[in-house]
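Scroll down for the structure; my scribbles are underneath it.
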Amino acid sequence: MIYVNNLQESLKLFEALASPVRLKILDLLHDGSEMNINELAKKLELTNSALTMHIQKLSDCGLVRIRLSSFSRGMQKLCSLTEDKMLIELVDKMSNENYYETELDVGQYSEYSINPTCGLADTNALIGDLDNPQAFSYPERFHAHVVWYTDGYLTYRFPNKLLAYQKPRELQISFEISSESPGADANFPSDIQLIVNGIHVGTYVCPGEYFDRKGRYTPDWWFVNFGQYGRMKILSINEEGTFLEGLYFSPTTINDLQLEKHDSIAFSVDCRNASSAHSGGVNLFGVGFGDYNQGIRCRLFYTEEK
């Protein structure tokens, strides 16, 4: 899902959509298929050079992914949509509701167990050595803005600020994520377990690791064969169940979390999945990396029962 909550920072996205040709390109790719430049140019009755300009604008704002693939005559560029949904918040619909919000950057975890491949970085340099799990214990990790691992978990602990007369109504956790794959591979799915207060609320199958372009906030020095950006995910748990991007995810409800018995909200991203169908790892993007300039954000909505 492409999530827009800052209109000024999303100007490139709106400019890309302000073209009938580019809207037709999105329509041709809407079923999730890949098409090469020649196929698209023929359907749109454009020259390859004219089409390439439109494709580049769609790629720059994160709507279209481009990958090179070999075929009988050499190399071809294949185009596909990055996401199948877009959420644009023109007005904060929750502005009149009661909620607590806390944001932790991706290095501000409280518990971890990590095996290589793995690593951390701030916006200027790596933290410790590559593939060294000990780096996850360094004090510098609090300043990390991107973390990755192929086997293990991280747990982020948010304060539970609810007072005795406040009843939890919905918990929302948003984060930017991709798979971690050998050599970077956009088609390398990973089974990622999402756990809240020790309860497994669902398994997200992350499609792959994205490196076809720089993330909108990813620094220039970042390695070209490392993950550049991820997908924004919004996990919502309310009285009806658990939802991911608004789609039903599991039967776990806000009542199952028993927040009144906990002084914190523990959120774990777990890929200890040696026996799972998809054994890729995790990239988590925070402030200054990826496509969304945020860490892991937790919102807890409540009603007052005075």
Side-chain angles (χ1 to χ4, degrees), residues 1-13 16 58-67 80-89 103-109 117-127 130 141-150 154 156 172-181 184-190 192 194 204-235 244-245 267 269 271 280-298:
M1 179 180 67
I2 295 176
Y3 175 52
V4 176
N5 63 356
N6 187 311
L7 299 182
Q8 293 298 324
E9 291 182 0
S10 303
L11 186 58
K12 278 188 177 181
L13 173 65
L58 292 170
S59 174
D60 289 344
C61 69
L63 285 169
V64 166
R65 181 182 301 111
I66 306 169
R67 72 177 183 92
S80 61
L81 293 183
T82 58
E83 300 283 356
D84 59 358
K85 291 185 288 294
M86 183 186 302
L87 173 61
I88 301 175
E89 287 192 359
E103 184 172 326
L104 299 175
D105 214 338
V106 295
Q108 296 176 314
Y109 45 85
T117 57
C118 60
L120 314 88
D122 60 27
T123 52
N124 297 307
L126 293 171
I127 296 173
L130 288 174
R141 57 97 168 173
F142 286 102
H143 305 292
H145 302 301
V146 63
V147 299
W148 65 98
Y149 50 100
T150 53
L154 295 176
Y156 299 86
Q172 290 182 359
I173 302 175
S174 59
F175 50 97
E176 184 177 354
I177 192 169
S178 78
S179 292
E180 165 66 9
S181 62
D185 187 343
N187 298 299
F188 195 87
S190 176
I192 300 170
L194 302 180
Y204 167 54
V205 182
C206 192
E209 184 176 12
Y210 310 118
F211 60 99
D212 54 297
R213 59 171 175 83
K214 281 282 186 186
R216 283 186 286 177
Y217 296 97
T218 300
D220 291 338
W221 68 268
W222 188 238
F223 310 104
V224 295
N225 61 336
F226 280 32
Q228 302 295 318
Y229 63 94
R231 294 185 170 187
M232 175 59 65
K233 297 295 167 184
I234 301 177
L235 180 72
L244 191 65
E245 299 179 274
F267 174 59
V269 182
C271 65
V282 172
N283 275 273
L284 287 170
F285 300 88
V287 176
F289 266 87
D291 277 354
Y292 301 89
N293 200 31
Q294 72 164 71
I296 300 176
R297 188 173 295 165
C298 176

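Separating the CZ atom in Phe285 from the OH atom in Tyr229 is a distance of 9.5 Å, to the nearest 0.5 Å. Atom-to-atom distance recorded for Ile296:CD1 and Asp105:CG is 8.0 Å, nearest 0.5 angstrom. In this structure, the separation between OG1 on Thr82 and CD1 on Ile66 is 11.0 Å, given to the nearest 0.5 Å. The distance from the OG1 atom of Thr123 to the CG atom of Asp220 is 11.5 Å, given to the nearest 0.5 Å. The OG atom of Ser59 lies 9.5 Å from the CZ atom of Arg65; values are rounded to the nearest 0.5 Å. The CD1 atom of Ile173 lies 8.5 Å from the CG atom of Leu194; values are rounded to the nearest 0.5 Å.
At least one donor-acceptor pair closer than 3.5 Å links the side chain of Glu209 to the backbone N or O of Ser181. Between the side chain of His145 and the main chain of Val287, a donor-acceptor pair closer than 3.5 Å is present. Without hydrogens or angle criteria, Asn293 side chain to Gly288 main chain gives a donor-acceptor distance under 3.5 Å. Side-chain atoms of Trp222 come within 3.5 Å of backbone atoms of Gly227 as a donor-acceptor pair (strictly under, hydrogens ignored). When atom types are taken as modelled, the side chain of Asn283 and the backbone of Gly230 share no donor-acceptor pair closer than 3.5 angstrom. In this structure, the side chain of Thr218 engages the main chain of Gln228 through a donor-acceptor pair within 3.5 Å. Under a 3.5 Å cut-off, the side chain of Arg141 and the backbone N or O of Gly107 do form a donor-acceptor pair. Here the side chain of Ser190 pairs a donor or acceptor atom with the backbone of Gly280 at under 3.5 angstrom. The backbone N or O of Trp148 lies less than 3.5 Å from no partner atom in the side chain of Glu180, so there is not a single donor-acceptor pair. Put simply, the side chain of Ser179 gets close to the backbone of Cys206: a donor and an acceptor are under 3.5 Å apart.
Nearest approach of Leu126 to Trp221, heavy atoms of both residues: N-CH2, 3.9 Å. Counting all heavy atoms, side chain and backbone alike, Ile192 lies closest to Ile177 at CD1-CD1, 3.6 Å. A pairwise comparison of heavy atoms in Val146 and Val106 identifies N-CG2, 3.5 Å as the closest pair. Closest approach of Arg213 to Arg216, counting heavy atoms only: NH1-N, 4.2 Å. For the residue pair Tyr292 and Glu176, the shortest heavy atom distance occurs at N-OE1, 3.0 Å. Here the closest heavy-atom approach between residue Tyr109 and residue Leu120 is recorded as OH-CD2, 3.6 Å.
Around the NZ atom of Lys12, the shell of radius 6.0 Å holds no more than 12 heavy atoms that belong to other residues, nucleotides or ligands.
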Using the side-chain contact (heavy atoms from CB on, under 4.5 Å) rule, take Leu130 and Phe226 through it: C-alpha gap first, then chi angles, then the decisive distance, then the call. CA-CA 12 Å; Leu130 288 174; Phe226 280 32; 4.1 Å; yes
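In this structure, the side chains of Tyr204 and Val269 stay at 4.5 Å or more apart for every pair of heavy atoms.
For Tyr156 and Phe175, the distance between ring centers is not under 6.0 angstrom.
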